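A quick write-up on the structure given underneath.
All values below come from the heavy atoms of this structure, side chains included, with hydrogens, waters and symmetry mates left out. Note that the structure is predicted; figures quoted are calculated from it, not measured. In listed order, ligands and their atoms are each counted from 1.
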Amino acid sequence: MSELIVLGSCGAWPEPGRACAGFVLSHQGVRIVLDLGYGTIGPLLERFPRGAVDAVIVTHRHPDHCVDVSALARVRYYEAAAEPKIPLYCAPGVLDVLRALEPTPDPATVFDVRDLGRPARIGPFSLTPFPLPHHVPNYGVRLTAPGLTVAYTGDCGPTEALRELARDADLFIADATLRDEPADGSPRNVMTATEAATWAAAGGARRLLLAHFWPGSDRAVSAARARAVFGGEVIVAEEGLVVDL
Ligand SMILES: [Zn+2]
(Lines give C-alpha, C1' and ligand atoms only; values in the text may rest on other atoms or scores of the structure.)
Protein backbone atom coordinates (compact mmCIF):
# COMPACT_ATOMS: atom_id res chain seq x y z
CA MET A 1 0.00 0.00 0.00
CA SER A 2 1.34 3.39 -0.96
CA GLU A 3 -0.34 6.60 0.05
CA LEU A 4 0.12 10.24 0.87
CA ILE A 5 -1.77 11.44 3.94
CA VAL A 6 -2.54 15.14 4.31
CA LEU A 7 -2.22 16.27 7.94
CA GLY A 8 -2.70 19.94 7.18
CA SER A 9 -3.34 22.21 4.21
CA CYS A 10 -2.96 25.81 5.38
CA GLY A 11 -0.09 28.19 4.99
CA ALA A 12 0.79 30.81 7.61
CA TRP A 13 -1.68 29.79 10.36
CA PRO A 14 -4.43 27.17 10.55
CA GLU A 15 -8.01 28.05 9.75
CA PRO A 16 -10.46 26.74 12.38
CA GLY A 17 -10.61 22.96 12.08
CA ARG A 18 -7.53 22.80 9.90
CA ALA A 19 -3.77 22.56 10.37
CA CYS A 20 -0.66 23.90 8.64
CA ALA A 21 1.74 22.06 6.35
CA GLY A 22 2.17 18.37 7.09
CA PHE A 23 2.08 15.13 5.09
CA VAL A 24 3.00 11.49 5.57
CA LEU A 25 4.28 9.49 2.63
CA SER A 26 3.80 5.78 3.24
CA HIS A 27 5.33 3.23 0.88
CA GLN A 28 6.39 -0.38 1.43
CA GLY A 29 5.87 0.05 5.16
CA VAL A 30 8.15 3.09 5.40
CA ARG A 31 6.50 6.26 6.71
CA ILE A 32 8.12 9.58 5.94
CA VAL A 33 6.78 12.81 7.42
CA LEU A 34 7.06 15.93 5.26
CA ASP A 35 6.86 19.00 7.51
CA LEU A 36 4.93 19.28 10.79
CA GLY A 37 3.43 22.76 11.07
CA TYR A 38 0.93 24.14 13.58
CA GLY A 39 -1.77 21.65 14.50
CA THR A 40 -0.37 18.60 12.71
CA ILE A 41 0.73 16.57 15.73
CA GLY A 42 -2.83 15.51 16.68
CA PRO A 43 -3.68 14.15 13.24
CA LEU A 44 -0.25 12.45 13.11
CA LEU A 45 -0.80 10.68 16.44
CA GLU A 46 -4.28 9.62 15.39
CA ARG A 47 -2.73 7.49 12.66
CA PHE A 48 0.68 6.77 14.17
CA PRO A 49 0.46 6.31 17.95
CA ARG A 50 3.54 7.55 19.82
CA GLY A 51 4.64 9.21 16.60
CA ALA A 52 6.03 5.96 15.24
CA VAL A 53 7.33 7.08 11.87
CA ASP A 54 10.56 6.26 10.06
CA ALA A 55 11.83 9.72 9.14
CA VAL A 56 10.90 13.38 9.36
CA ILE A 57 11.83 15.95 6.72
CA VAL A 58 11.50 19.66 7.46
CA THR A 59 11.78 21.89 4.39
CA HIS A 60 12.42 25.16 6.24
CA ARG A 61 12.34 26.86 9.57
CA HIS A 62 9.03 28.72 9.38
CA PRO A 63 6.77 27.64 12.25
CA ASP A 64 3.90 26.65 9.95
CA HIS A 65 6.26 23.89 8.77
CA CYS A 66 8.26 22.90 11.83
CA VAL A 67 6.72 23.84 15.15
CA ASP A 68 5.01 20.50 15.81
CA VAL A 69 8.32 18.68 15.44
CA SER A 70 8.81 20.03 18.95
CA ALA A 71 5.56 18.34 19.99
CA LEU A 72 6.73 15.11 18.37
CA ALA A 73 10.00 15.38 20.33
CA ARG A 74 7.97 15.50 23.53
CA VAL A 75 5.92 12.47 22.51
CA ARG A 76 9.07 10.50 21.71
CA TYR A 77 10.84 11.63 24.89
CA TYR A 78 8.01 10.78 27.24
CA GLU A 79 6.43 7.80 25.50
CA ALA A 80 9.10 6.15 23.35
CA ALA A 81 12.45 6.90 25.00
CA ALA A 82 13.67 3.32 24.62
CA GLU A 83 13.06 3.26 20.89
CA PRO A 84 15.61 4.19 18.22
CA LYS A 85 15.97 7.83 17.31
CA ILE A 86 13.98 9.00 14.31
CA PRO A 87 16.09 10.47 11.50
CA LEU A 88 15.25 14.18 11.21
CA TYR A 89 16.35 15.88 7.98
CA CYS A 90 16.55 19.62 8.62
CA ALA A 91 16.94 22.68 6.46
CA PRO A 92 19.19 25.41 7.94
CA GLY A 93 17.77 27.02 11.06
CA VAL A 94 15.19 24.34 11.88
CA LEU A 95 17.26 22.92 14.70
CA ASP A 96 17.73 26.41 16.16
CA VAL A 97 13.96 26.90 16.24
CA LEU A 98 13.43 23.53 17.92
CA ARG A 99 16.14 24.28 20.49
CA ALA A 100 14.67 27.71 21.19
CA LEU A 101 11.27 26.14 21.79
CA GLU A 102 12.71 23.54 24.15
CA PRO A 103 16.44 23.28 24.84
CA THR A 104 16.09 20.47 27.35
CA PRO A 105 15.99 17.73 26.33
CA ASP A 106 17.90 18.64 23.21
CA PRO A 107 16.10 17.58 20.01
CA ALA A 108 19.10 15.32 19.29
CA THR A 109 18.00 13.21 22.26
CA VAL A 110 15.10 11.76 20.30
CA PHE A 111 16.05 12.59 16.69
CA ASP A 112 19.05 11.56 14.62
CA VAL A 113 19.55 15.04 13.14
CA ARG A 114 20.79 15.22 9.56
CA ASP A 115 21.41 17.90 6.95
CA LEU A 116 18.58 18.08 4.42
CA GLY A 117 20.96 19.75 1.96
CA ARG A 118 22.56 16.43 1.04
CA PRO A 119 21.18 13.54 -1.00
CA ALA A 120 20.18 10.63 1.22
CA ARG A 121 18.50 7.24 1.30
CA ILE A 122 15.35 6.65 3.33
CA GLY A 123 14.10 3.07 3.10
CA PRO A 124 13.29 2.42 -0.56
CA PHE A 125 13.62 6.12 -1.44
CA SER A 126 16.45 8.23 -2.76
CA LEU A 127 16.06 11.77 -1.45
CA THR A 128 17.28 14.64 -3.60
CA PRO A 129 17.08 18.15 -2.11
CA PHE A 130 16.36 21.21 -4.27
CA PRO A 131 17.23 24.64 -2.84
CA LEU A 132 14.31 26.87 -3.82
CA PRO A 133 13.59 30.59 -3.37
CA HIS A 134 11.79 31.52 -0.15
CA HIS A 135 12.13 34.08 2.65
CA VAL A 136 14.50 31.66 4.42
CA PRO A 137 16.48 28.65 3.10
CA ASN A 138 13.97 26.09 1.82
CA TYR A 139 14.60 22.72 0.25
CA GLY A 140 12.14 21.06 -2.04
CA VAL A 141 12.52 17.29 -1.88
CA ARG A 142 12.26 14.63 -4.55
CA LEU A 143 11.73 11.11 -3.23
CA THR A 144 12.23 8.35 -5.76
CA ALA A 145 11.72 4.62 -5.19
CA PRO A 146 11.40 1.94 -7.88
CA GLY A 147 8.05 2.69 -9.52
CA LEU A 148 7.21 5.77 -7.45
CA THR A 149 8.34 9.39 -7.38
CA VAL A 150 6.86 11.99 -5.05
CA ALA A 151 8.12 15.57 -5.10
CA TYR A 152 7.34 18.38 -2.65
CA THR A 153 8.21 22.04 -2.97
CA GLY A 154 7.95 23.16 0.63
CA ASP A 155 7.38 26.91 0.23
CA CYS A 156 8.86 28.53 -2.84
CA GLY A 157 8.47 31.12 -5.52
CA PRO A 158 8.36 30.20 -9.20
CA THR A 159 11.75 29.07 -10.46
CA GLU A 160 13.22 26.96 -13.27
CA ALA A 161 14.44 24.34 -10.76
CA LEU A 162 10.82 23.25 -10.29
CA ARG A 163 10.84 21.67 -13.75
CA GLU A 164 13.43 19.14 -12.55
CA LEU A 165 11.83 18.72 -9.15
CA ALA A 166 8.51 17.83 -10.81
CA ARG A 167 10.07 15.74 -13.60
CA ASP A 168 7.72 12.78 -14.33
CA ALA A 169 6.63 12.74 -10.67
CA ASP A 170 3.69 10.50 -9.85
CA LEU A 171 2.62 13.15 -7.37
CA PHE A 172 3.85 16.75 -7.24
CA ILE A 173 2.93 18.47 -3.97
CA ALA A 174 3.17 22.18 -4.59
CA ASP A 175 2.93 25.47 -2.76
CA ALA A 176 -0.26 27.21 -3.92
CA THR A 177 -0.33 29.93 -1.29
CA LEU A 178 -1.67 32.70 -3.44
CA ARG A 179 -4.73 33.02 -5.62
CA ASP A 180 -3.35 35.97 -7.57
CA GLU A 181 0.14 37.10 -8.43
CA PRO A 182 1.17 40.15 -6.40
CA ALA A 183 0.73 43.29 -8.50
CA ASP A 184 3.64 45.17 -6.96
CA GLY A 185 6.39 43.03 -8.50
CA SER A 186 7.77 42.08 -5.07
CA PRO A 187 10.23 39.15 -4.84
CA ARG A 188 8.41 35.86 -5.31
CA ASN A 189 8.76 33.50 -2.38
CA VAL A 190 5.47 31.62 -2.73
CA MET A 191 3.35 30.62 -5.71
CA THR A 192 -0.14 30.88 -7.09
CA ALA A 193 -2.05 27.71 -8.00
CA THR A 194 -1.59 28.69 -11.64
CA GLU A 195 2.18 28.79 -11.19
CA ALA A 196 2.22 25.48 -9.32
CA ALA A 197 0.27 23.92 -12.19
CA THR A 198 2.51 25.51 -14.81
CA TRP A 199 5.59 23.88 -13.28
CA ALA A 200 3.78 20.58 -12.79
CA ALA A 201 3.03 20.63 -16.52
CA ALA A 202 6.57 21.73 -17.45
CA GLY A 203 8.04 18.80 -15.54
CA GLY A 204 5.54 16.29 -16.87
CA ALA A 205 4.17 15.39 -13.43
CA ARG A 206 1.21 13.01 -13.51
CA ARG A 207 -0.75 14.41 -10.58
CA LEU A 208 -0.66 17.73 -8.75
CA LEU A 209 -1.59 18.23 -5.11
CA LEU A 210 -2.21 21.91 -4.36
CA ALA A 211 -1.25 22.76 -0.78
CA HIS A 212 -0.35 25.53 1.65
CA PHE A 213 -3.39 27.73 1.00
CA TRP A 214 -3.44 31.15 2.59
CA PRO A 215 -6.19 31.17 5.26
CA GLY A 216 -9.51 32.24 3.80
CA SER A 217 -8.55 31.28 0.25
CA ASP A 218 -11.26 30.12 -2.12
CA ARG A 219 -9.70 26.77 -2.95
CA ALA A 220 -12.21 26.02 -5.70
CA VAL A 221 -10.92 29.04 -7.60
CA SER A 222 -7.32 27.89 -7.11
CA ALA A 223 -8.19 24.41 -8.36
CA ALA A 224 -10.02 25.74 -11.41
CA ARG A 225 -7.08 27.93 -12.34
CA ALA A 226 -4.66 25.03 -11.94
CA ARG A 227 -6.86 22.80 -14.12
CA ALA A 228 -6.76 25.43 -16.83
CA VAL A 229 -3.01 24.91 -17.31
CA PHE A 230 -2.33 21.34 -16.13
CA GLY A 231 -3.84 18.39 -17.97
CA GLY A 232 -3.19 15.79 -15.24
CA GLU A 233 -5.28 15.27 -12.14
CA VAL A 234 -5.42 18.28 -9.79
CA ILE A 235 -6.07 17.41 -6.15
CA VAL A 236 -6.84 19.98 -3.46
CA ALA A 237 -5.22 19.30 -0.10
CA GLU A 238 -7.72 18.77 2.72
CA GLU A 239 -7.11 17.67 6.30
CA GLY A 240 -7.38 13.90 6.46
CA LEU A 241 -7.27 13.39 2.72
CA VAL A 242 -5.51 10.17 1.72
CA VAL A 243 -4.14 10.05 -1.81
CA ASP A 244 -3.55 6.51 -3.07
CA LEU A 245 -0.29 6.25 -4.98
ZN1 LIG B 1 7.52 29.43 4.66
Side-chain angles (χ1 to χ4, degrees), residues 4 6-15 18-25 32-41 43-44 56-72 88-101 107 115-117 127 129-143 150-162 165-166 172-182 184 186-197 199-200 208-217 219 222 226 236-239:
L4 189 283
V6 179
L7 303 173
S9 65
C10 293
W13 69 89
E15 293 175 19
R18 295 190 184 274
C20 280
F23 310 89
V24 182
L25 171 61
I32 302 172
V33 175
L34 301 168
D35 286 336
L36 275 182
Y38 299 119
T40 51
I41 190 67
L44 181 79
V56 177
I57 293 170
V58 182
T59 58
H60 65 292
R61 68 174 183 252
H62 280 156
D64 54 331
H65 292 255
C66 79
V67 82
D68 273 7
V69 178
S70 181
L72 178 61
L88 172 64
Y89 295 84
C90 288
V94 171
L95 200 54
D96 296 332
V97 170
L98 297 176
R99 285 184 168 139
L101 282 165
D115 176 6
L116 180 57
L127 180 164
F130 284 68
L132 299 171
H134 194 46
H135 304 277
V136 298
N138 172 81
Y139 286 107
V141 289
R142 184 175 164 90
L143 292 155
V150 174
Y152 172 44
T153 62
D155 289 357
C156 75
T159 177
E160 178 66 27
L162 291 171
L165 177 60
F172 181 49
I173 308 166
D175 176 332
T177 306
L178 306 174
R179 203 183 74 176
D180 301 300
E181 280 183 47
D184 62 1
S186 54
R188 299 302 313 284
N189 290 311
V190 289
M191 288 194 284
T192 64
T194 303
E195 289 166 335
W199 288 109
L208 169 64
L209 177 63
L210 298 173
H212 200 262
F213 297 100
W214 192 261
S217 296
R219 299 176 182 208
S222 296
V236 177
E238 281 289 329
E239 283 65 19

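- A donor-acceptor contact shorter than 3.5 Å is absent between the side chain of His65 and the backbone of Ala21.
- Taking the ring centroids of Tyr139 and Phe130, they lie at or beyond the 6.0 Å cut-off.
- For the Zn ion (ligand 1), the N/O/S atoms of His134 include one lying under 2.8 Å.
- Under 2.8 Å from the Zn ion (ligand 1) lies an N/O/S atom of His62, whether from backbone or side chain.
- Restricting Asp155 to its N/O/S atoms, the shortest distance to the Zn ion (ligand 1) is reached by OD2.
- Taking 4.5 Å as the limit, some side-chain heavy atom of Glu160 sits within range of a side-chain heavy atom of Trp199.
- Residue Arg61 is tested with Val67, Val136, Asn138 for a side-chain contact (heavy atoms from CB on, under 4.5 Å); the sole match is Val136.
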